[in-house]
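Each chain gets a letter, A, B and so on, in the order the sequences are listed, and its residues count up from 1.
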2 protein chains.
Amino acid sequence: MATIQDVAKLAGLSRTTVSRVINRHPYVTDEKKRLVMNAMEELNYVPNSSARRLRKQQTETIAVYVPRITNPFFSQMVEVMGNYASDRGYQLILCQTSYSRNQEINYLELLKTKQVDGLILTSIENEWSSIEPYMNYGPIMLCNEYNDQAQVPTVYLDQIEGAYIGTRHLIEQGHTRIAYCSGDNHASRVASDRYTGYKKALEEAGIVPREDWFLTNAYSIDDGKRVFNDIAKMNDRPTAVFTGSDEVAAGIWKEALNHKWDVPNHLAIIGFDDQPVADLIGLTTIRQPIENMGQQAMELMIDSIQHKLPSKKKEIKLDFELVKRRST
Amino acid sequence: MATIQDVAKLAGLSRTTVSRVINRHPYVTDEKKRLVMNAMEELNYVPNSSARRLRKQQTETIAVYVPRITNPFFSQMVEVMGNYASDRGYQLILCQTSYSRNQEINYLELLKTKQVDGLILTSIENEWSSIEPYMNYGPIMLCNEYNDQAQVPTVYLDQIEGAYIGTRHLIEQGHTRIAYCSGDNHASRVASDRYTGYKKALEEAGIVPREDWFLTNAYSIDDGKRVFNDIAKMNDRPTAVFTGSDEVAAGIWKEALNHKWDVPNHLAIIGFDDQPVADLIGLTTIRQPIENMGQQAMELMIDSIQHKLPSKKKEIKLDFELVKRRST
DNA sequence: TCTATCTATGAAAACGGTTTCATGATTTCG
DNA sequence: CGAAATCATGAAACCGTTTTCATAGATAGA
């Protein structure tokens, strides 16, 4: 591999001048510039990025944390983030925490060892106090997830509102017996806020939330199937169910079909996210503006890296949209 | 940030000895080792990865190319690759080519500039001759995609066989009027081989493939919907359709339902991949062992980086499985 | 015309590690 | 007991850039 030294020699100039050409510094005559360009071309030279990183103390790489990339919500997020980063000359390192606290902490070392310039968390597994110390080593941002203690830029949706909209919709459809079904991540405000929004809608309508219709630990299609069976076994059943994701909703519906239940007449189901599958099967759902979120977060991150902005709380709140289909 | 020099000073030793401790070299007394450990602890020291990369000439990072991460086939692939890489201490850089030749070439520079130790291609947009020169800069591997000219390790499935199995299944169900529907990437053998397999099954059964039932450019759910409408408009219609992905199949089915067609009686549909959505909607499909492929590819890649194996053709062929559901 | 500023270039330092080489102490072995 | 091998450590070179500093010529302003 040719080095900058080789180029300098061939061009009959110093390393410094070659470097100036590469980095588009002023004060290089056109003639020398041409000499350097030709030499680079001839040697098929490209600057070594490790050396560059070391000297410039920056990596042009950003880490994005997701629980699992196979979750369509997160893969959509990563898609837009990756494309936007690429447009601005940044690489994206994918960190899958697999819902594991340890894995999350492991990956945080990336920032400390200067393998990335900054990181974007789309979910949090640990208490914020475990994450905060890493803020010394580079910018950290939240996207989707949010946290009261975190003094960092945050692009998010008001999940209270999202759940409220969904639950209200069910109430407007005439339901009063509405179950609630979600994942439960204690370090995450997303889950608790949704429950708050759900209760708010119920209470406004004079309905008392029932403990036995509070179903947790549901993330996947399979979890949805299990949830359906739990509901089917109840003596006193709900007529509608609010879910925390389209996958779970799809699982419930699928299993309901297996048991010859009619959706929405025997059970109305509302999903969350508006993933492609929701349109496919006709699921009413609450759309999250994923593209918008992902792009804004990445934009903010790159800006704060490039302008070395001090980290501070800055909230960007986006809006939900109810998408009515035939499951409600 | 503390450097190795700071640690050395605090421990009263040389940089060399500190480096030895970090890298678990032999020939360091337990006492000095302890001194170094304490100093590192006290200074909250971690080695700077850029410096390390520069000196060791390796990055412990691998690039994975996919067309789009939102395609569930590829997100599953990336999930297992990412997890396996992480287990072995490697990072994964995600490169989305967006089906663009330019974008693919852009990303290839990553290898040349030594930002990654190697790269795994799950699809190819350019002619192999455009990619080959980059083999000088580090190991390249194929996973899923394959190419006759590429003298590189390849983990793949025999797509002729996959399409053959699917088409045979349709024939065994009594169909003789079978349409073919897929994407069309000319640089990829996946597409052409599938068509070969399809024709092989037809010809064995004495059926002549029909040009007007050869439908291309189908990748997404929306494409599937379009394809259905194309079929519906035909005067002389097929009774079954072979598709190149579960998404496309799902789109066809969805649109068929909209038009009150009965699947499989009016139109039998077979998908490809066996993604979660296939189980959800009851789609017959051809399962690809994605986890297995991804893991084997990543394993091969890391081994060849660590043992500096010379790049050569080495084919690992895995098998398909037909999953029968109610769409056929 | 003289000085201040701007332009153009290169030598050397710096980034923060790892590896090579040299050296002395200690152990092993014939 | 002497030579060879092994153990333990540090100085210095090295990885390949960018940045700082120094220098000199050209230009502008007074």
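- Aromatic ring orientation, B:Y65 versus B:Y107: perpendicular (interplanar angle above 60°, classes split at 30° and 60°).
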(request) I would like to know whether A:R88 and A:D303 meet salt bridge (charged side-chain N to carboxylate O under 4.0 Å, His left out); could you show each step before the answer? (result) CA-CA 10 Å; A:R88 306 246 335 225; A:D303 284 347; 3.4 Å; yes

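- Counting heavy atoms of neighbouring residues, nucleotides and ligands inside a 6.0 Å radius, atom CG of A:N38 exceeds 12 of them.
- Within 6.0 Å of atom NZ in A:K314, 12 or fewer heavy atoms from other residues, nucleotides or ligands are found, so the atom counts as exposed in its surroundings.
- Atoms NZ (B:K33) and C1' (D:dC7) sit 13 Å apart, rounded to a whole Å.
- For B:T17, a side-chain nitrogen or oxygen approaches OP1 or OP2 of D:dG10 to under 4.0 Å.
- The side chain to side chain donor-acceptor pair (under 3.5 Å) search around B:D87 returns none, not counting sequence neighbours.
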(message) Please evaluate residues A:T16 and A:S19 with respect to the criterion side-chain hydrogen bond (donor to acceptor under 3.5 Å, both in side chains), reporting the C-alpha separation (whole Å), side-chain torsions for both, the decisive distance (0.1 Å), and the verdict.
(response) CA-CA 5 Å; A:T16 314; A:S19 175; over 6 Å; no

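- Rounded to an integer number of Å, the gap from CD of B:E31 to C1' of D:dT9 is 13 Å.
- Here D:dT17 presents its P atom at 11 Å from NZ of B:K114, a figure rounded to the nearest Å.
- The CD-C1' distance, from A:Q5 to C:dA11, rounds to 12 Å in whole Å.
- For B:K32, a side-chain nitrogen or oxygen approaches OP1 or OP2 of D:dT9 to under 4.0 Å.
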(request) List the protein contact pattern of nucleotides 18-23 of chain D with one symbol per nucleotide (5' to 3'): B for base contact, S for sugar-phosphate-only contact, - for none; contact means a heavy-atom distance under 4.0 Å. (result) BBB---

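- Rounded to an integer number of Å, the gap from CG of B:L13 to P of D:dT9 is 7 Å.
- If you take SG on B:C143 and CE on B:M298, they are separated by 9.0 Å, rounding to the nearest 0.5 Å.
- When the side-chain nitrogen and oxygen atoms of A:T29 are compared with OP1 and OP2 of C:dT7, none of them lie within a distance under 4.0 Å.
- Between A:L54 atom CG and D:dC14 atom P the separation is 17 Å, expressed in whole Å.
- If you take NZ of B:K9 and C1' of C:dG16, they are 15 Å apart, rounded to a whole angstrom.
- Within 6.0 Å of atom CG in B:N136, more than 12 heavy atoms from other residues, nucleotides or ligands are found, so the atom counts as buried in its surroundings.
- Residue B:Q57 is in sugar-phosphate contact alone, with no base atom involved, counting any heavy-atom pair closer than 4.0 Å across all strands shown.
- The side chain of A:Y27 lies closest to C:dT7, out of D:dT17, D:dA8, C:dT7.
- Between the NZ atom of B:K112 and the P atom of D:dG16 there is a distance of 16 Å, given to the nearest Å.
- Checked against A:L142 for a side chain to side chain contact (heavy atoms under 4.5 Å, CB included), the options A:T122, A:N147, A:I131 give a single hit: A:N147.
- Between the axis at the start and the axis at the end of the helix from C:dT1-D:dA30 to C:dG30-D:dC1 there is an angle of 30°, using five pairs per end and rounding to 10 degrees.
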